[in-house]
**Q** 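What follows is a single structure, and I will ask about it in a moment.
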Amino acid sequence: MPRHVDHAERRTAIAEALVRAAGRTGLHAVGMRDVAAEAGVSLRLVQYYFESKEKLLLFGLRHLVGKFGERVTARVRAAGAEAGPRAVIEALLMAALPTDEESRVFHHLYTSYAILAVTDETLAAQPFIKDPDAAEATVAELLARAATEGLLRAGVDARAEAVGLLAMSAGLGTSILVGQRSPRSAAGVLSYHLDRIFLPRPPGGKRAGDGREADGAGRGGGTARSVLRSP
């Protein structure tokens, strides 16, 4: 009786091998033969599922983005059922920082894909390249909601702050990768800027809008999942 083959599982296993191999040698240097060796399969099998390195890279890109979306969702859930706009924003920003091996590889490869997209029209056309716009819209929406709930300091421009926070998170991630600062110090910088935007919670008291935060947690979690979804 012929053995059933789960093709989706095999494609995913090869994509994960690509991520591991590229995480060590760099996306530009990894080849299909390297991926085959990493996955423990033949080169012919990799070529069967992905006819070219370009197709393998595109599938690996979708896999990488999907895994990051899961990481963000997990961080939002970890913030608890009472998570308000600040907790969701902090989860989004912190998830992108290379604080462990998984997030280090993600940040490294995410940056590599973006650089390749500058000269590769096929990569540039992928929805992945538009994800920063989606992230800006998400954070701006959360800040605008926080403003209506009386959680922000006066004069905060939600869109401008969203752009600044995401740019800061990306830059801090790179500074961690190259050893300029530690994950702890980078997290401290993000907290400092969030403190600058959000009003402090009075000791033993509630901020305006706290009663609605639990209701908004579901919206925040759903929004977080939409920031980086697989194309």
Side-chain angles (χ1 to χ4, degrees), residues 65-100 102-104 106-107 110 130-177 180-229:
V65 170
K67 295 291 287 184
F68 178 65
E70 294 172 6
R71 183 181 179 91
V72 171
T73 300
R75 278 189 172 271
V76 172
R77 286 177 178 164
E82 297 296 324
R86 172 167 177 158
V88 176
I89 291 171
E90 197 159 17
L92 293 172
L93 298 176
M94 288 297 298
L97 292 184
T99 55
D100 56 25
E102 181 184 1
S103 54
R104 187 199 70 79
F106 170 79
H107 190 92
Y110 186 104
K130 298 180 177 63
D131 282 333
D133 293 334
E136 284 181 14
T138 295
V139 176
E141 176 188 335
L142 287 165
L143 288 172
R145 180 158 69 87
T148 64
E149 295 175 359
L151 305 176
L152 299 188
R153 298 182 187 274
V156 170
D157 183 316
R159 174 62 66 172
E161 292 292 354
V163 173
L165 286 170
L166 289 165
M168 187 187 311
S169 178
L172 288 171
T174 301
S175 72
I176 293 172
L177 277 185
Q180 182 182 5
R181 60 177 44 83
S182 68
R184 182 177 180 180
S185 67
V189 172
L190 288 177
S191 292
Y192 169 83
H193 284 278
L194 288 174
D195 287 342
R196 181 179 56 80
I197 297 169
F198 282 84
L199 288 169
R201 185 191 299 273
K206 290 185 176 181
R207 291 177 300 198
D210 274 2
R212 286 170 287 178
E213 285 188 14
D215 180 60
R219 293 197 304 273
T223 304
R225 286 190 293 274
S226 72
V227 173
L228 287 178
R229 62 165 65 95

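For reference, positions follow the sequence shown, starting with 1.
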**Q** Please evaluate residues Leu190 and Glu90 with respect to the criterion side chain to side chain contact (heavy atoms under 4.5 Å, CB included), reporting the C-alpha separation (whole Å), side-chain torsions for both, the decisive distance (0.1 Å), and the verdict.
**A** CA-CA 8 Å; Leu190 288 177; Glu90 197 159 17; 5.9 Å; no
**Q** What's the shortest heavy-atom distance between Leu143 and Leu152, and which atoms?
**A**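 Reported closest heavy-atom pair: O-CD1, 3.2 Å.
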**Q** Measuring from Arg75:CZ to Leu92:CG, what's the distance to the nearest 0.5 Å?
**A**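 That separation rounds to 10.5 Å.
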**Q** Between the main-chain N or O of Gln180 and the side-chain N or O of Ser175, is there a donor-acceptor pair closer than 3.5 Å?
**A**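 Answer holds: no.
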**Q** Stepwise, does the side chain to side chain contact (heavy atoms under 4.5 Å, CB included) test hold for Leu93 with Leu166?
**A** CA-CA 7 Å; Leu93 298 176; Leu166 289 165; 3.9 Å; yes
**Q** So which atom in Val72 and which in Ala95 form the shortest heavy-atom distance, rounded to 0.1 Å?
**A**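 Looks like CG2-CB, 3.7 Å.
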**Q** Is there a side chain to side chain contact (heavy atoms under 4.5 Å, CB included) between Arg71 and Asp100 once you walk through the steps?
**A** CA-CA 12 Å; Arg71 183 181 179 91; Asp100 56 25; 3.0 Å; yes
**Q** Nearest 0.5 Å, what's the NE2-OG1 distance between His107 and Thr174?
**A**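 With rounding to 0.5 Å, NE2 (His107) is 3.0 Å from OG1 (Thr174).
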**Q** How close do Ala187 and Leu97 get, heavy atom to heavy atom, and via which atoms?
**A**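 Taking every non-hydrogen atom into account, N-CD1, 4.3 Å.
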**Q** So, using salt bridge (charged side-chain N to carboxylate O under 4.0 Å, His left out) as the criterion, who are the partners of Arg159 when residues are at least two apart?
**A**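 Counting only residues at least two positions away or on another chain, Arg159 forms a salt bridge (charged side-chain N to carboxylate O under 4.0 Å, His left out) with Glu136.
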**Q** Can you tell me how far apart CG (Leu165) and NE2 (His193) are? Round to the nearest 0.5 Å.
**A**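 It is 8.5 Å, given to the nearest 0.5 Å.
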**Q** Please give me the minimum heavy-atom distance between Phe198 and Arg153, naming the atom from each residue.
**A**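 Shortest heavy-atom separation between Phe198 and Arg153 comes out as O-NE, 3.4 Å.
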**Q** Find out whether Ile197 and Ile89 are in side-chain contact, i.e. whether some heavy atom of one side chain is under 4.5 Å from a heavy atom of the other.
**A**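 No, too far: nothing below the 4.5 Å cut-off.
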**Q** Around atom CZ of Arg196, are there more than 12 heavy atoms of other residues, nucleotides or ligands at under 6.0 Å?
**A**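 Result for CZ/Arg196: enclosed.
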**Q** If you compare all heavy atoms of Leu151 against all heavy atoms of Pro85, which two are closest, and at what distance to 0.1 Å?
**A**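 Answer, listing the atom of Leu151 first, then Pro85: CD1-CD, 4.0 Å.
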**Q** Taking all non-hydrogen atoms of both residues into account, name the closest pair between Gly150 and Leu199 and its distance.
**A**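 Smallest interatomic distance, heavy atoms only, reads O-CD1, 3.5 Å.
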